[in-house]
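Worksheet for the structure shown next.
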Amino acid sequence: MQERRFGYEEEWGRLMRLALDGDALAYRTLLGAIAPHLRNTVRRFLARSGRGTADLEDIVQEILLAVHLKRATWDRSLPFMPWLNAVARYKTIDALRRAGIRGEVELDGLADTLAAQEGQEDHTLDSKRILQALEARQRDIVEQIMLMGRSAAEVGSALGMSEGAVRVALHRSLKKLATIFRTGSHEN
């Protein structure tokens, strides 16, 4: 079992390296390969937190978006899995906090932090280009919640929307971005 997992880790690291070098097919393949792993990871995390899986897909989409936006922070000389798991852990914790869940959270591997790499500005520009596929309000909601760390209530207050409407808009926006990531197309 350990040998098989190591094979996935190596393959995912290889795909990420190719993706960082501009290989769009490798990137789509990577995102498709890590999604089931992320679902299982988040499902276990939610279970340990005493939560159901109602928010599972939303959290997975947030993680995939974070992987996209922060991919330049992965150090190519290090294994990919600790970085991926750290992103998943942080985004899941963020989602639980937004939902008002407090308590102890397992922080094993916290030392696997995200170190910024040179060249991140190229990926930031790519992220901004991808976000342009969203309508202005959707883009604003994604940027404020996902990039600036604001709560849905704060964003709703600033935009004159209810917290629930902000959450629905965020979910739809993340779903649209996920489709773009999978297909490489900006069209609906």
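The two residues Ala66 and Val87 come nearest to each other via the heavy atoms CB-CG1, 3.8 Å. Listed here is the closest heavy atom pair of Thr41 and Ala88: CG2-CB, 4.5 Å. In plain terms, the two heavy atoms of Pro36 and Gly32 that are nearest each other are CD-O, 3.2 Å. Phe45 and Leu96 make their closest contact through CE2-CD1, 3.6 Å (heavy atoms, listed as atom of the first residue, atom of the second, distance). Pro82 approaches Pro79 most closely through the heavy-atom pair CD-O, 3.6 Å. Closest approach of Leu18 to Ala26, counting heavy atoms only: CB-CB, 3.7 Å.
Residues Ile34 and Tyr8 fail the side-chain proximity criterion, which asks for heavy atoms closer than 4.5 Å. No side-chain heavy atom of Arg89 sits less than 4.5 Å from a side-chain heavy atom of Thr92. Contact check for Leu56 versus Ile59: no side-chain heavy atoms found under the 4.5 Å cut-off. Side-chain contact between Trp74 and Leu20 is present, with at least one heavy-atom pair separated by less than 4.5 Å. Contact check for Asp23 versus Tyr27: no side-chain heavy atoms found under the 4.5 Å cut-off.
Atom CE of Met81 and atom CG of Leu84 lie 6.0 Å apart (nearest 0.5 Å). Taking NZ from Lys91 and CD1 from Ile63, the interatomic distance works out to 9.0 Å, rounded to the nearest 0.5 Å. Taking NZ of Lys70 as the reference point, atom CG of Leu65 lies at 10.5 Å (rounded to 0.5 Å). A distance of 6.0 Å separates NZ in Lys176 from CD in Glu135, rounded to the nearest 0.5 Å. In this structure, the separation between CZ on Arg167 and CG on Asp55 is 8.0 Å, given to the nearest 0.5 Å. Between the CD1 atom in Ile141 and the CE atom in Met161 there is a gap of 4.0 Å [rounded to 0.5 Å].
Between Phe80 and Trp12, the angle of the ring planes goes over 60°, which puts this pair in the perpendicular group of the 30/60° scheme.
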For this session: Give the intermediate values and the outcome of side chain to side chain contact (heavy atoms under 4.5 Å, CB included) for residues His68 and Leu64.
Result: CA-CA 6 Å; His68 177 72; Leu64 289 171; over 6 Å; no
Problem set entry | Val142 vs Arg139, side chain to side chain contact (heavy atoms under 4.5 Å, CB included): CA-CA, chis, key distance, verdict | CA-CA 5 Å; Val142 170; Arg139 184 173 50 253; 5.9 Å; no
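Salt bridge Arg14/Glu10: absent, no basic N to carboxylate O contact under 4.0 Å. The pair Arg76-Asp21 meets the salt-bridge criterion, with a side-chain N (NZ, NE, NH1 or NH2) lying under 4.0 Å from an Asp/Glu carboxylate O.
Between the side chain of Arg172 and the backbone N or O of Val168 there is no donor-acceptor pair closer than 3.5 Å. One N or O on the side chain of Thr29 and one on the backbone of Leu25 form a donor-acceptor pair closer than 3.5 Å.
When each of Gln138, Gln144, Arg137 is checked for a side chain to side chain donor-acceptor pair (under 3.5 Å) with Asp140, only Gln144 meets the rule.
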